Amino acid sequence: MILYSTKNKDLTADLKKAVLQGLPEDNGLYMPEEIPQLPANFFAEIENKSFMEIGVAVCKNLFQGTIPDQDIEGIIERSMTFPAPLVDLDDHKKVLELYHGPSLAFKDFGARFMAQLMGYFNQDESKDLIILVATSGDTGGAVAAGFLKTPGIRVIILYPSGKVSKLQEKQLTTLGHNITALEVQGTFDDCQALVKATFLDKETNKHLRLSSANSINIARLIPQSFYYFEAYKQIKDKSKPVVFCIPSGNFGNLTAGLLAQKMGLPIDHFIAATNINDVVPQYLETGQFHPKPSVRTISNAMDVGNPSNFARMANIFAGIDERSTWNNMLSQVSGYAFSDEQTEDALRRVLEQYQYIMDPHGAVGYLALETYQKTNPDTTGIILETAHPSKFKEDVERVLKQSIEVPERLAELAERTKQAWPMTTKFKDFKTWLLSTQQ
């Protein structure tokens with residue numbers, strides 16, 4: 001499997017280098033040089049396949065012999081250990097529950113797979129690999145759980161102070177061992193900027209082996225494509241066009257869906273659902289991509305003002321010029337943005353109408369699908385419910401005026417002691433800390 005940089009197709013890497021390096025030298029993002037389609041009989045027989053079998057088939061299709069089949073099967077068997085059930089709201093709206101993993105968020109799929117894949121590639125190295133992770137909420141918890149006690153790998157998580165929920169913060173800051181958390185006095189975009197600057201700094205890379213577990217790493221996107229196939233498998237009536245609605249922050253989840261579509265999954269359309277951090281919906285409306293500082297909302301994992309994976313989306317839809325790229329994307333992706341007030345109203349309406357409790361991110365997805373289906377009613381819409389509502393307990397209980405049960409594996413974190421290093425948004429401060437504590 002060969003991958004190239006979104007900034008320069010001549011800058012290539014094999015899968016091992018792309019996964020362990022994270023970013024190309026030119027600060028682009030790695031993309032597969034070839035995305036082969038799965039055979040027709042795979043889809044004809046998909047209802048008889050387990051989730052693990054789907055993951056193995058997708059990996060074999062993409063990796064093209066880079067990793068022996070038995071090793072792929074082992075990686076999948078150790079990482080894909082929880083389900084992704086599809087729940088009906090009504091005949092046209094369904095919810096794909098992606099929160100049944102250890103950290104109660106969809107990012108468990110990517111983090112656990114990545115930990116296994118990196119461990120596989122790193123097993124013969126004598127020097128520790130340091131994973132840098134910027135998080136707006138769920139990524140850090142999933143990566144911490146996925147990489148905990150992985151031999152030869154240390155994880156450093158950067159999160160914005162005061163901008164993640166209390167339980168999310170406990171997931172980042174209480175595990176210890178090979179997991180270290182940095183509380184950054186800024187936004188998620190500041191955290192992400194520190195990570196990117198570190199990868200581009202020659203002195204730091206001279207002394208440390210670095211990689212990333214954010215969705216800028218292709219190893220995060222590959223397993224996130226699995227559950228699009230798993231959702232399609234569970235649709236009973238496949239005669240209607242299938243539409244996926246994705247609550248979106250850094251747009252890795254939507255990009256993973258585009259990879260699944262490229263592999264032949266019959267997805268008719270994608271809906272990018274955002275809160276007021278609406279850079280991509282604005283692009284879809286105007287054709288102009290203008291990053292801006294992120295604004296805090298109750299759907300905090302989507303508080304991203306400069307989504308990294310937009311570069312991959314633009315690459316997938318690339319035309320002969322910017323306008324044709326925009327038109328190509330418009331043909332496959334619609335975008336909608338909603339306020340906190342609208343999100344809270346949706347939480348109440350979904351509970352009243354369907355007796356179903358969503359988290360704030362899922363509620364944004366519900367609003368976007370509802371809007372899309374006003375003009376596209378004869379579709380099967382699938383909302384990606386990306387996190388358990390108890391991760392946003394205070395807001396959800398305030399809005400719904402009822403208590404939310406917290407799963408035991410999350411509730412037990414409340415009693416643990418937070419351990420986090422304070423950090424400024426200045427790269428020189430982070431670099432000094434990194435070099436002094438990791439050598």
Side-chain angles (χ1 to χ4, degrees), residues 1-3 13-22 30-36 38 42 46 49-84 98 100-103 105-125 128-131 133 139 141-155 178-179 209 211-231 233 252-253 255-257 259-260 263 265:
M1 183 183 187
I2 302 299
L3 302 100
D14 61 15
L15 181 62
K16 179 177 180 178
K17 180 179 178 181
V19 169
L20 295 184
Q21 186 182 48
Y30 280 119
M31 280 290 286
E33 200 168 63
E34 182 184 3
I35 305 175
L38 286 155
F42 172 82
I46 195 168
K49 298 183 184 297
S50 70
F51 195 4
M52 286 187 185
E53 288 171 335
I54 287 172
V56 169
V58 170
C59 284
K60 288 180 179 179
N61 181 61
L62 278 175
F63 294 170
Q64 299 286 292
T66 299
I67 298 176
D69 288 356
Q70 66 268 25
D71 293 331
I72 291 175
E73 291 165 4
I75 288 168
I76 297 293
E77 184 177 338
R78 291 187 295 273
S79 56
M80 299 292 113
T81 57
F82 42 90
L98 299 176
H100 294 279
S103 79
F106 79 96
K107 294 175 181 180
D108 285 322
F109 293 99
R112 288 172 66 84
F113 176 89
M114 176 185 283
Q116 292 297 324
L117 188 60
M118 282 188 166
Y120 173 81
F121 282 138
N122 195 56
Q123 57 190 331
D124 297 325
E125 298 288 343
D128 280 357
L129 181 67
I130 297 171
I131 309 292
V133 189
T139 295
V143 170
F147 280 88
L148 182 64
K149 299 181 182 179
T150 300
I153 295 179
R154 287 185 279 171
V155 177
N178 61 325
I179 311 297
R209 292 182 63 228
S211 189
S212 171
N214 281 85
S215 57
I216 55 178
N217 194 313
I218 193 67
R220 267 278 304 279
L221 297 191
I222 291 169
Q224 287 175 215
S225 72
F226 300 167
Y227 47 70
Y228 285 89
F229 294 93
E230 177 69 7
K233 178 188 84 175
N253 225 351
T255 304
L259 291 179
M263 284 184 271
L265 188 65

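These numbers were taken from a predicted model, which means no experiment stands behind them.
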Worksheet, complete the sentence: In short, I218 meets Y30 closest at the heavy-atom pair CD1-O, 3.7 Å

Practice prompt. Determine yes or no for a side-chain-to-main-chain donor-acceptor pair under 3.5 angstrom, with Q116 supplying the side chain and F113 the backbone.
Written response: no

Worksheet entry | K233 side-chain N/O to K49 backbone N/O, donor-acceptor pair under 3.5 Å | yes

Discussion item. For a side chain to side chain contact (heavy atoms under 4.5 Å, CB included) check, start with the C-alpha distance between F147 and M118, then their side-chain angles and the critical distance, and finish with the verdict.
Written reply: CA-CA 10 Å; F147 280 88; M118 282 188 166; 3.8 Å; yes

Discussion item. Does F51 form a side chain to side chain contact (heavy atoms under 4.5 Å, CB included) with F82? I'd like the steps, not just the answer.
Written reply: CA-CA 9 Å; F51 195 4; F82 42 90; over 6 Å; no

Worksheet item: Between the main-chain N or O of A213 and the side-chain N or O of R220, is there a donor-acceptor pair closer than 3.5 Å?
Response: yes

Practice prompt. Quick one: closest heavy-atom pair of G146 and A115, and the distance?
Written response: O-CB, 3.2 Å

Worksheet item: Roughly how far, to the nearest 0.5 Å, is OG1 of T66 from CZ of F121?
Response: 7.0 Å

Worksheet entry | Nearest-0.5 Å distance that lies between atom CG in L148 and atom CZ in R112 | 11.0 Å

Worksheet item: Is it true that a side-chain atom of D128 and a backbone atom of R154 form a donor plus acceptor pair closer than 3.5 Å?
Response: no

Worksheet item: Which atom names give the shortest non-hydrogen contact between F229 and I46, and what distance separates them?
Response: O-CD1, 3.7 Å

Practice prompt. Assess the side chains of N217 and S212: does a donor N or O sit below 3.5 Å from an acceptor N or O?
Written response: no

Worksheet item: side chain to side chain contact (heavy atoms under 4.5 Å, CB included) between I222 and C59: does it pass, once the steps are laid out?
Response: CA-CA 8 Å; I222 291 169; C59 284; 4.3 Å; yes

Worksheet entry | Reported CD-to-CG distance for the pair E33 and L3, which is rounded to 0.5 angstrom | 8.0 Å

Worksheet item: Say you draw a straight line from OG of S50 to CD1 of I76; how long is it, rounded to the nearest 0.5 Å?
Response: 10.0 Å

Discussion item. Contact between L20 and R209 at the side-chain level, heavy atoms closer than 4.5 Å - yes or no?
Written reply: yes

Item to complete: Check A142 against A111 and note the closest heavy-atom contact, atom names and distance.
Response: O-CB, 3.3 Å

Practice prompt. Give the minimum heavy-atom separation between S211 and G22, together with the two atoms involved.
Written response: OG-N, 3.8 Å

Fill in: Test item: M263 and L62 side chains (from C-beta on) under 4.5 Å apart, heavy atoms
yes

Discussion item. What's the separation between atom NZ in K17 and atom CD1 in I2, rounded to the nearest 0.5 Å?
Written reply: 10.5 Å

Fill in: Verdict with supporting geometry, F226 and F109, ring-ring contact (aromatic ring centres under 6.0 Å, His included)
CA-CA 9 Å; F226 300 167; F109 293 99; 8.6 Å; no

Item to complete: Quick one: do I67 and L117 satisfy side chain to side chain contact (heavy atoms under 4.5 Å, CB included)? Show the steps, please.
Response: CA-CA 10 Å; I67 298 176; L117 188 60; 3.5 Å; yes

Worksheet item: Between CG of L38 and CG of N61, what distance do you get to the nearest 0.5 Å?
Response: 4.0 Å

Fill in: Side chain S79, main chain M114, donor-acceptor under 3.5 Å
no

Fill in: Contact summary for N178 and K149, nearest pair of heavy atoms
OD1-N, 2.8 Å

Worksheet item: Quick one: does N253's side chain get under 4.5 Å of Y228's, heavy atoms only?
Response: yes

